[in-house]
Amino acid sequence: MIKTRLTQRTAFRLAALVAAIISLTNLVIFSVLFFAINNQLNENLKAHVEEVRRTLADVEVSGGFEGLAAMVNRHAQVAQSNEDIYLLTDRADQYVAGNIRVIPRFPGWKTIPWHELPLIGAWTAPRASTAVVGRWTTIKNGFLFVGDGNGDINDAQRVLLKGLLWGIGLSILSAMIGGYILGMNAQKRIAKMEGVLGAVASGQLQERVPRSPSADDLDHVAALINATLDRLQALIGNLRQVSTDIAHDLRTPIARMRQKLEVVQTNSSDLAIYESAVEEALLEIDGISETFDALLRISEIEAGARKRKFVDVELNSLLINIVDALEAVAEEQDQQLTGLIGNTPATVHGDRKLLNQLFINLVENAILHCPSGAQISVELAADGGHPTVKVRDTGAGIPPEEREKVFRRLYRLEKSRAAKGSGLGLSLVSAIAELHSAKVTLADNNPGLIVEVAFPQQRVEARKSSVNLS
């Protein structure tokens with residue numbers, strides 16, 4: 001298994017990503033709360049200053065300017081504890097009462113830092129605020145300034161900042177722990193995949209990635225890997241079997257050729273023997289060549305290259321033409337070939353030549369292996385958009401235990417060893433059917449055999465030109 005640094009591991013990266021997302025989310029939430037609470041506290045502070053200002057203005061109306069001055073002085077004496085600022089001036093901007101000396105007048109609200117305020121007396125009480133928020137008010141006989149410290153706002157900001165730091169810290173810690181646990185689980189499953197792929201690379205084709213009950217993305221990837229390995233194992237097993245079958249099946253014709261050539265070598269003066277041996281050797285070579293051609297064709301079909309030539313193929317006319325062409329061949333064997341095609345249109349998307357080869361092979365196989373007097377039929381059904389073709393015969397059939405094996409390349413039943421053929425007919429049928437996503441099954445006809453080719457549901461698109469039936 002390939003070793004990776006900590007920062008390259010999925011667990012670490014997932015934990016870091018989750019922590020970053022949660023931290024960013026907390027920061028956004030805090031920013032919104034901070035500004036909302038800060039604005040609300042500022043509004044509350046201004047509302048308090050307004051209330052005090054109106055109260056003092058009412059005192060002037062009821063008690064006169066002197067009464068207002070006395071009230072301002074009383075408030076100023078206790079202002080250190082609640083950080084309130086008061087200043088009353090006359091029309092000439094001269095100091096009358098308050099806890100600060102005269103400051104320039106300004107319109108609207110203003111925030112004034114404490115160190116810019118000309119405080120009167122010794123302000124020894126500790127302050128939570130850093131500035132005063134206040135405004136001037138014009139009264140009948142002068143001007144009144146009322147302000148209040150921003151201590152409550154500062155306290156709230158400190159609490160929010162402390163909460164943010166704790167929140168981000170705890171969220172990062174929990175995200176790192178949770179993300180690391182989840183990431184390590186994923187890392188373990190990835191490590192199992194690496195182990196399986198490494199074992200397969202070393203030749204252990206039976207290894208498979210374990211599945212989990214979670215059915216998540218990694219489980220889906222594991223299923224795809226297992227399906228690929230199943231396919232790979234089947235192909236390699238098939239290749240080994242083909243190699244063995246080729247060596248077994250070609251040994252006999254090669255031995256016959258050698259025997260005949262040895263006869264020619266010992267009787268080189270007899271021209272008739274020479275010509276006969278050469279002719280038989282050529283026939284053996286032709287048979288071997290046909291076998292290899294069929295193997296190459298099956299390999300080409302299994303590679304899927306022919307899918308680029310797929311068109312809509314009407315099975316009705318295709319099967320009718322096959323039955324018409326092979327009917328005479330069946331009659332020569334004293335057999336009866338019939339077509340039960342029907343008029344219901346059945347169209348599949350595929351390669352016309354390959355489909356033609358598939359059904360010709362099935363019918364010829366039935367003719368070759370059935371005795372005289374056998375009944376052979378080709379049936380077509382298209383229920384629910386699923387075209388199905390059945391080739392029935394009343395021959396000897398195939399034993400159930402042999403039905404899976406007959407689709408292997410070069411495999412032949414013992415009773416068929418003496419018959420003409422290479423054992424590739426049903427292998428070619430299987431390859432063509434798989435290329436078209438069709439399923440081939442064998443069943444008893446009592447007596448005889450039923451070969452069924454079931455195509456998947458077809459979605460034939462409307463075309464401007466008609467289907468090529470040539």
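Since the structure is predicted, the reported quantities are computational estimates derived from the model, not experimental observations. Only this structure's heavy atoms are used, side chains among them; waters, hydrogens and symmetry mates stay out.
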Worksheet, complete the sentence: Output for pair (Leu88 CG, Leu68 CG), nearest 0.5 Å, gives 5.0 Å

Discussion item. Looking at every non-hydrogen atom in both residues, tell me the closest pair between Leu354 and Ile432 and how far apart they are.
Written reply: O-CD1, 3.3 Å

Response to the item:
Interatomic distance, NE2@His115 vs OG1@Thr130, rounded to 0.5 Å, equals 10.0 Å

Worksheet item: Taking the side chain as C-beta and beyond, is there a heavy-atom pair between Leu229 and Val200 under 4.5 Å?
Response: yes

Worksheet item: How close do Thr344 and Asn316 get, heavy atom to heavy atom, and via which atoms?
Response: O-ND2, 2.9 Å

Worksheet item: Of the non-hydrogen atoms in Phe106 and Trp136, which two are nearest, and what is the gap between them?
Response: N-CD1, 3.4 Å

Discussion item. Ignoring hydrogens, what is the shortest heavy-atom contact between Ala199 and Ser202? Give both atom names and the distance.
Written reply: O-OG, 2.7 Å

Item to complete: Go through the steps for Leu87 and Leu144 under the test side chain to side chain contact (heavy atoms under 4.5 Å, CB included), then give the verdict.
Response: CA-CA 6 Å; Leu87 175 61; Leu144 175 66; over 6 Å; no

Worksheet item: When rounded to the nearest 0.5 angstrom, what is the spacing between CD in Glu60 and OG1 in Thr137?
Response: 11.0 Å

Response to the item:
Between the CG atom in Asn226 and the CD atom in Gln233, the distance rounded to the nearest 0.5 Å is 11.0 Å

Worksheet item: Is it true that a side-chain atom of Asn321 and a backbone atom of Ser317 form a donor plus acceptor pair closer than 3.5 Å?
Response: yes

Practice prompt. Decide yes or no for Ile450 and Val391: does some side-chain heavy atom of the first lie under 4.5 Å from some side-chain heavy atom of the second?
Written response: no

Item to complete: Kindly indicate whether the side chain of Glu50, heavy atoms from C-beta on, has any atom under 4.5 Å from the side chain of His48.
Response: no

Worksheet item: Nearest heavy-atom pair of Ala76 and Gly98: which atoms, and what distance?
Response: CB-C, 3.8 Å

Practice prompt. Any chance you could measure Asn150, atom CG, to Asn38, atom CG, to the nearest 0.5 Å?
Written response: 9.5 Å

Item to complete: Examine the side chains of Asn44 and Gln40 and answer whether a donor and an acceptor come within less than 3.5 Å of each other.
Response: yes

Worksheet entry | Distance in Å, Ile22 CD1 paired with Leu27 CG, rounded so as to fall on 0.5 Å steps | 13.5 Å

Item to complete: Evaluate the criterion side chain to side chain contact (heavy atoms under 4.5 Å, CB included) for residue pair Val451 and Leu426; output intermediate values, then yes/no.
Response: CA-CA 10 Å; Val451 183; Leu426 287 179; 5.6 Å; no

Response to the item:
All heavy atoms of Glu379 vs all of Arg392, minimum pair found to be OE2-NE, 2.8 Å

Worksheet item: Which pairs count as side chain to side chain donor-acceptor pair (under 3.5 Å) when at least one residue sits in residues 87-103, sequence neighbours excluded?
Response: Asp93-Arg105

Worksheet entry | Leu56/Met71 under side chain to side chain contact (heavy atoms under 4.5 Å, CB included): CA gap, chis, key distance, verdict | CA-CA 8 Å; Leu56 293 176; Met71 179 65 71; 3.5 Å; yes

Item to complete: Output yes when Lys46 and Asp148 qualify as a salt bridge under the 4.0 Å nitrogen-oxygen rule, no when they do not.
Response: no

Practice prompt. For Asp152, look at atom CG and say whether over 12 heavy atoms of other residues, nucleotides or ligands are found less than 6.0 Å away.
Written response: no

Worksheet item: Is the backbone of Gly350 close enough, under 3.5 Å, to the side chain of His436 for a donor and an acceptor to pair up by distance?
Response: no

Fill in: Counterpart residues, ring pair (Phe, Tyr, Trp, His ring centres under 6.0 Å), relative to Trp109 (two or more places apart)
none

Fill in: Non-hydrogen side-chain atoms of Lys110 and Arg135 separated by less than 4.5 Å
no

Discussion item. Can you confirm whether Leu355 sits close enough to Leu318 that some side-chain heavy atom of one is under 4.5 Å from a side-chain heavy atom of the other?
Written reply: yes

Worksheet entry | Derivation and outcome, side chain to side chain contact (heavy atoms under 4.5 Å, CB included), residues Glu364 and Leu326 | CA-CA 8 Å; Glu364 286 184 340; Leu326 297 179; 4.1 Å; yes

Item to complete: For Phe143, enumerate each residue passing the ring pair (Phe, Tyr, Trp, His ring centres under 6.0 Å) test, keeping only those at least two apart in sequence or located in another chain.
Response: none

Worksheet item: Quick one: are His386 and Phe455 in side-chain contact, heavy atoms under 4.5 Å?
Response: no

Item to complete: Quick one: do Gln357 and Asn361 satisfy side-chain hydrogen bond (donor to acceptor under 3.5 Å, both in side chains)? Show the steps, please.
Response: CA-CA 6 Å; Gln357 182 70 59; Asn361 278 18; 2.5 Å; yes

Worksheet item: Is the backbone of Phe310 close enough, under 3.5 Å, to the side chain of Asp351 for a donor and an acceptor to pair up by distance?
Response: no

Item to complete: Answer yes or no: is there a side-chain heavy-atom contact under 4.5 Å between Pro387 and Leu315?
Response: yes

Fill in: Glu116 side chain near Ile103 side chain, heavy-atom distance below 4.5 Å
no

